[in-house]
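Everything on this sheet refers to the single structure shown next.
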Number of protein chains: 2
Amino acid sequence: MRIERELMRGAGPVAVLKLLERGEMYGYELVESLSQQSDGVLAMGQSTLYPLLYNLEAKGLIAGSWREAPETGRARKYYALTGKGKKRLASDAKQWQALVNAMSVIGVVSRDGKRSVA
Amino acid sequence: MRIERELMRGAGPVAVLKLLERGEMYGYELVESLSQQSDGVLAMGQSTLYPLLYNLEAKGLIAGSWREAPETGRARKYYALTGKGKKRLASDAKQWQALVNAMSVIGVVSRDGKRSVA
DNA sequence: CGTTATACCTCGTGTCACATAGTATGTCCC
DNA sequence: GGGACATACTATGTGACACGAGGTATAACG
C-alpha cells in the first residue's frame, strides 16, 4: 500500500534507526528493505533517504564508513547506529507509541490493526 | 506527554478531521480539545492550527461559518466536516492504520500500547 | 479599570519530502 | 569487448508545513 508522503513525516527517521539497530546497512539496501519489509508503506526514494541519512549522521545518531562490498567489491557506505542513536531511537519509539495511543483514543486508529469504522 | 513536533507531522490534519466528525467545532475549542483528549500528545499551538484549518478549508474538506456563541455572544468561526472531508478522513485513517502496522512489523511500536523493548 | 480568558489572524524561519538529474562502477550476455 | 542493466551515492530546486513570536479585539471578573 502506498501512502501519502505527508503522513509519513517523522516516521522515516525512526524506521531507519530501527533497521540499523539490527546491524549496519548501506543506503541502497535501506531503500530496498524499507520498501519490502513494510509492503511499500515505508518506501521512500533515494532522494529522500540519502539526505535523511546525512542528517542523522550530522546529528551523530549514525556513523558511516566506506568499505568494499564483500560480494561484489563495490564501494559502499555502511551506516551503523551510535550510542547516541540508540538513545534517540528509544526516545523516538516511546514518543511514537504515545502518538499511536493518542490517535487511538480519538478513534483514528485501533490498536488491533483494524481500521476504525467511520 | 509532549512529543517532538516532527514526529507529529501528518497526524494533525487527520486528528482535526476526526474531531470534526463528531460535530462542528471552532478553532480555539480544537486547540483545547486536542491538548486535553490526548494528554498533550496531539497539542498544537494556534499558529499551527489556524493555518491548518485554512488549508483544510481551501481543500474543501471542512467548511467554516461565522456565528455567535450561544453562551457568550462572541463571534466564532465554526468548522464542519464536508462530504469530501469525510471521504478524506476515511482514506487518511486507513493509511494511518497501514503506517502503524508497518511500524509495528519492524518493531518500532507494538499494537497493544506497550513500547517495544530495545 | 485592569487583568485574565477567549478567539482569531499573520509573518518569518527553519526543516523536510521529493522529483529530477547526474556520476560512477560492477555484472551479464551476446 | 561493448551495450544494457542493476547497483550505489550525490546534488539541486521546489513546495509544503510546524511553530515561535507578535498582533488585534472582546467578554468576564474582581
Side-chain angles (χ1 to χ4, degrees), chain A residues 2-17 24-36 40-59 61-62 64-79 92 95 99, chain B residues 2-17 24-36 40-59 61-62 64-79 92 95 99:
Chain A
R2 198 139 197 87
I3 66 172
E4 282 174 42
R5 300 292 161 265
E6 277 309 313
L7 287 183
M8 227 189 78
R9 290 208 174 207
V14 188
V16 167
L17 290 179
E24 55 180 18
M25 296 175 75
Y26 53 97
Y28 194 86
E29 189 183 12
L30 280 165
V31 170
E32 300 298 312
S33 280
L34 284 169
S35 180
Q36 290 168 17
V41 172
L42 292 174
M44 62 179 78
Q46 297 190 352
S47 60
T48 300
L49 178 70
Y50 284 114
L52 189 160
L53 288 175
Y54 305 151
N55 185 272
L56 291 177
E57 190 174 23
K59 288 176 182 165
L61 304 177
I62 62 177
S65 59
W66 282 99
R67 285 209 306 282
E68 286 200 353
E71 323 92 35
T72 66
R74 297 189 56 159
R76 288 172 180 166
K77 193 172 185 182
Y78 287 88
Y79 288 95
D92 280 1
Q95 293 187 29
L99 179 56
Chain B
R2 197 138 197 90
I3 66 172
E4 282 174 43
R5 299 291 160 264
E6 278 307 315
L7 286 182
M8 225 190 79
R9 292 207 173 207
V14 188
V16 167
L17 290 179
E24 55 180 19
M25 295 176 75
Y26 52 98
Y28 194 86
E29 189 182 12
L30 281 165
V31 170
E32 299 298 312
S33 279
L34 284 169
S35 180
Q36 290 169 17
V41 172
L42 293 174
M44 62 179 77
Q46 298 189 352
S47 62
T48 299
L49 179 71
Y50 284 114
L52 189 159
L53 288 175
Y54 305 151
N55 184 273
L56 292 177
E57 190 173 24
K59 288 176 182 165
L61 304 178
I62 62 178
S65 59
W66 282 99
R67 286 209 305 283
E68 285 200 353
E71 322 90 37
T72 66
R74 297 190 57 160
R76 288 172 180 167
K77 194 172 185 183
Y78 287 88
Y79 289 95
D92 280 2
Q95 293 187 29
L99 179 57

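Labels below follow one simple rule: chain letters A, B, ... track the order of the sequence lines, proteins then strands, and each chain is numbered from 1.
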Rounded to the nearest Å, what distance is computed from the [atom1] atom of residue [X] to the [atom2] atom of nucleotide [N]?
X: A:Tyr79; N: D:dA8; atom1: OH; atom2: C1'; result: 11 Å
X: B:Arg67; N: C:dA7; atom1: CZ; atom2: C1'; result: 15 Å
X: A:Tyr54; N: C:dA17; atom1: OH; atom2: C1'; result: 15 Å
X: B:Arg74; N: D:dT26; atom1: CZ; atom2: C1'; result: 5 Å
X: A:Leu56; N: D:dC9; atom1: CG; atom2: P; result: 15 Å
X: B:Trp66; N: D:dA25; atom1: CH2; atom2: C1'; result: 11 Å
X: B:Lys77; N: D:dT24; atom1: NZ; atom2: C1'; result: 16 Å
X: B:Glu68; N: C:dA7; atom1: CD; atom2: P; result: 13 Å

Would you say [X] reaches [N]'s phosphate, i.e. side-chain N/O to OP1/OP2 under 4.0 Å?
X: A:Asn55; N: C:dC16; result: yes
X: A:Tyr28; N: D:dC9; result: no
X: A:Tyr50; N: D:dC9; result: yes

Is it true that B:Arg76 and B:Glu24 make a salt bridge, defined as a side-chain N closer than 4.0 Å to a carboxylate O? no
Residue pair B:Ala75/A:Pro51 against DNA chain C: nearer the 5' end by closest nucleotide is B:Ala75
Looking at every strand, decide which applies to [X] at a 4.0 Å heavy-atom threshold: base, sugar-phosphate, or nothing.
X: A:Gln46; value: base
X: B:Gly45; value: nothing
X: A:Arg76; value: sugar-phosphate

Of B:Leu52 and A:Glu29, the one whose closest nucleotide on DNA chain D sits nearer the 5' end is A:Glu29
Nucleotide nearest [X] when distance is taken to its side chain, options [options]:
X: B:Ser47; options: D:dG20, C:dA7, D:dA18; result: D:dG20
X: A:Tyr26; options: D:dA8, C:dA5, D:dA18; result: D:dA8
X: A:Lys59; options: C:dA7, D:dA8, C:dC16; result: C:dC16

Side chains of [X] and [Y]: closer than 4.5 Å at any heavy-atom pair?
X: B:Leu42; Y: B:Ser35; answer: no
X: B:Met44; Y: B:Leu30; answer: no
X: B:Lys77; Y: B:Tyr26; answer: no

_Any donor-acceptor pair under 3.5 Å from A:Ser33 side chain to A:Glu29 backbone_ = yes
